[in-house]
Student: 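Mind looking over this structure? Questions follow.
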Amino acid sequence: MTDIIFRRASAADYPDILVLHRKNLFSNLSDQSRQNGFVSIDMDDSQLAAINEDLAVIVAVQEKLVVGYVCGTTQEYSVQFPLLKHMMSLYQETLFQGQPLSNYHSFLYGPVCIATAYRGTGVLQGLFQALLAQIATRFNAGVAFVAKDNPRSLRAHTQKLGMELLTDFEFNGKSYVMLGFTVPPLPHS
Ligand SMILES: CC(C)(COP(=O)(O)OP(=O)(O)OC[C@H]1O[C@@H](n2cnc3c(N)ncnc32)[C@H](O)[C@@H]1OP(=O)(O)O)[C@@H](O)C(=O)NCCC(=O)NCCS
């Protein structure tokens with residue numbers, strides 16, 4: 001197997017990212033496939049471009065094939081999404097390492113998706129490191145959310161990436177957990 005490259009996405013990657021994203025949409029998966037994770041909200045080309053311009057879209061590429069992606073956005077950009085707006089309204093009362101989340105310069109992590117054949121191979125860690133490297137100078141913390149009925153994602157983000165469980169919240173009748181992590185100043189040192 002040739003090496004996987006982790007890099008900032010370009011417009012030419014968007015169609016492949018969207019194919020991967022849509023394959024993993026909750027509404028497109030069987031109950032059994034959902035056990036291995038899902039993404040909840042659809043995206044289009046222009047949203048991906050806006051996210052990439054706002055902060056970053058990182059791709060994992062093997063032989064020109066996009067095998068994974070992760071997005072990162074600012075709070076200013078994210079406030080247009082009702083779920084994220086609600087989550088950010090909880091920052092003041094949510095403690096991360098002894099301080100309210102609102103005291104940090106934090107960004108939002110997600111969505112993230114890895115092609116089935118590449119799960120459990122370290123692609124998640126590679127995407128995460130590339131994302132941290134991209135945003136390290138601007139933020140000192142990151143926040144993610146995971147649906148409670150996505151145990152694979154919950155396990156991957158807490159056990160593999162070391163994110164901390166901060167609190168639970170409900171939105172539109174669904175339960176989520178909020179996760180936090182520190183952005184190291186120099187991720188590659
Ligand atoms: C979520 C996702 C990014 C995680 O990446 P990954 O490469 O699959 O993660 P890993 O396999 O390294 O880690 C997942 C862990 O959960 C475990 N796991 C798998 N299915 C599980 C389940 N149903 N319940 C609990 N744990 C589960 C795995 O065994 C593994 O743990 P282990 O290595 O200690 O055995 C990937 O599965 C994915 O893209 N899923 C579809 C989209 C998605 O869910 N995105 C996240 C939305 S928040």
Side-chain angles (χ1 to χ4, degrees), residues 1 3-7 9 13-14 16-44 47-48 51 55-62 65-73 77-78 81-88 90 94 101 106-132 134 141-181:
M1 209 150 80
D3 285 350
I4 294 176
I5 292 161
F6 299 93
R7 59 163 172 78
D13 300 313
Y14 297 164
D16 293 344
I17 294 172
L18 291 175
V19 168
L20 182 56
H21 185 83
R22 288 182 179 145
K23 260 190 204 164
N24 286 280
L25 263 182
F26 186 87
S27 49
N28 290 339
L29 292 172
S30 64
D31 276 351
Q32 202 191 340
S33 301
R34 287 174 190 159
Q35 296 306 309
N36 287 310
F38 54 85
V39 289
S40 306
I41 303 164
D42 199 7
M43 286 197 289
D44 62 23
Q47 277 167 316
L48 263 183
I51 292 171
L55 206 51
V57 179
I58 304 291
V59 280
V61 181
Q62 190 183 47
L65 190 72
V66 171
V67 300
Y69 71 86
V70 65
C71 300
T73 52
Y77 174 82
S78 307
F81 302 101
L83 186 152
L84 299 178
K85 185 178 180 181
H86 173 67
M87 184 169 86
M88 287 186 278
L90 304 174
T94 304
L101 262 181
S106 69
F107 78 102
L108 290 100
Y109 165 103
V112 57
C113 198
I114 295 164
T116 315
Y118 291 82
R119 293 185 188 159
T121 65
V123 170
L124 181 67
Q125 289 88 332
L127 287 169
F128 188 54
Q129 289 310 319
L131 179 65
L132 290 181
Q134 191 75 225
V143 181
F145 76 91
V146 178
K148 269 198 179 168
D149 55 356
N150 190 347
R152 182 173 191 131
S153 178
L154 206 49
R155 186 172 167 87
H157 287 99
T158 53
Q159 303 300 307
K160 301 287 176 72
L161 299 187
M163 294 187 187
E164 275 180 43
L165 277 172
L166 303 184
T167 190
D168 295 359
F169 68 96
E170 305 265 322
F171 189 78
N172 272 352
K174 269 200 81 165
S175 302
Y176 299 90
V177 294
M178 201 193 305
L179 306 172
F181 55 95

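Order of appearance sets the numbers: ligands from 1, and atoms from 1 within every ligand.
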Student: Show which atoms of ligand 1 fall inside a sub-4.0 Å distance from at least one heavy-atom site of Ala156.
Tutor: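 Matching atoms, with element in brackets: 4 (C), 9 (O), 13 (O), 14 (C).
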Student: How far apart are the closest heavy atoms of Ser78 and Thr73, and which atoms are they?
Tutor: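 Nearest pair, atom of Ser78 first, then Thr73: OG-OG1, 2.8 Å.
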Student: For ligand 1, which atoms have a heavy atom of Cys113 less than 4.0 angstrom away?
Tutor: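 Result: 39 (O), 42 (C).
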Student: Relative to ligand 1, is Lys160 under 4.0 angstrom through side chain, backbone, both or neither, heavy atoms considered?
Tutor: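 Side chain only; the backbone of Lys160 stays clear of ligand 1.
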Student: Using a strict 4.0 Å cut-off to heavy atoms of Ile114, name the atoms of ligand 1 that fall inside it.
Tutor: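 Answer, ordered by atom number: 3 (C), 5 (O), 7 (O), 38 (C), 39 (O).
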Student: Evaluate Arg155 for polar contact with ligand 1, using N/O atom pairs at a separation under 3.5 Å.
Tutor: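 Yes, Arg155 has an N/O under 3.5 Å of an N/O on ligand 1.
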Student: Would you say Gln32 has more than 12 foreign heavy atoms packed within less than 6.0 Å of its CD?
Tutor: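 No.
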Student: How does Thr121 reach ligand 1, by side chain, by backbone, by both or by neither, if only non-hydrogen atoms under 4.0 Å count?
Tutor: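 Thr121 to ligand 1: no contact under 4.0 Å from either part.
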Student: Only distances under 3.5 Å count here; give the side-chain donor-acceptor pairs of residues 165-175 to other protein atoms, sequence neighbours excluded, each with its distance to 0.1 Å.
Tutor:
{"unit_1": "Asp168", "atom_1": "OD2", "unit_2": "Lys148", "atom_2": "NZ", "d": "2.7"}
{"unit_1": "Glu170", "atom_1": "OE2", "unit_2": "Ser175", "atom_2": "OG", "d": "2.8"}

Student: Does Arg152 use its side chain to pair, donor to acceptor, with the backbone of Gln35 at less than 3.5 Å?
Tutor: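 Checked: no pair found.
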Student: Would you mind listing which atoms of ligand 1 come within a distance below 4.0 Å of any non-hydrogen atom of Gln35?
Tutor: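 Counting from 1, the qualifying ligand atoms are 23 (N).
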Student: Any protein heavy atom under 4.0 Å from atom 17 (C) of ligand 1?
Tutor: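 It does; a protein heavy atom is within 4.0 Å.
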Student: Would atom 29 (O) of ligand 1 count as contacted, meaning some protein heavy atom under 4.0 Å?
Tutor: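 No; the ligand atom in question lacks any protein heavy-atom contact below 4.0 Å.
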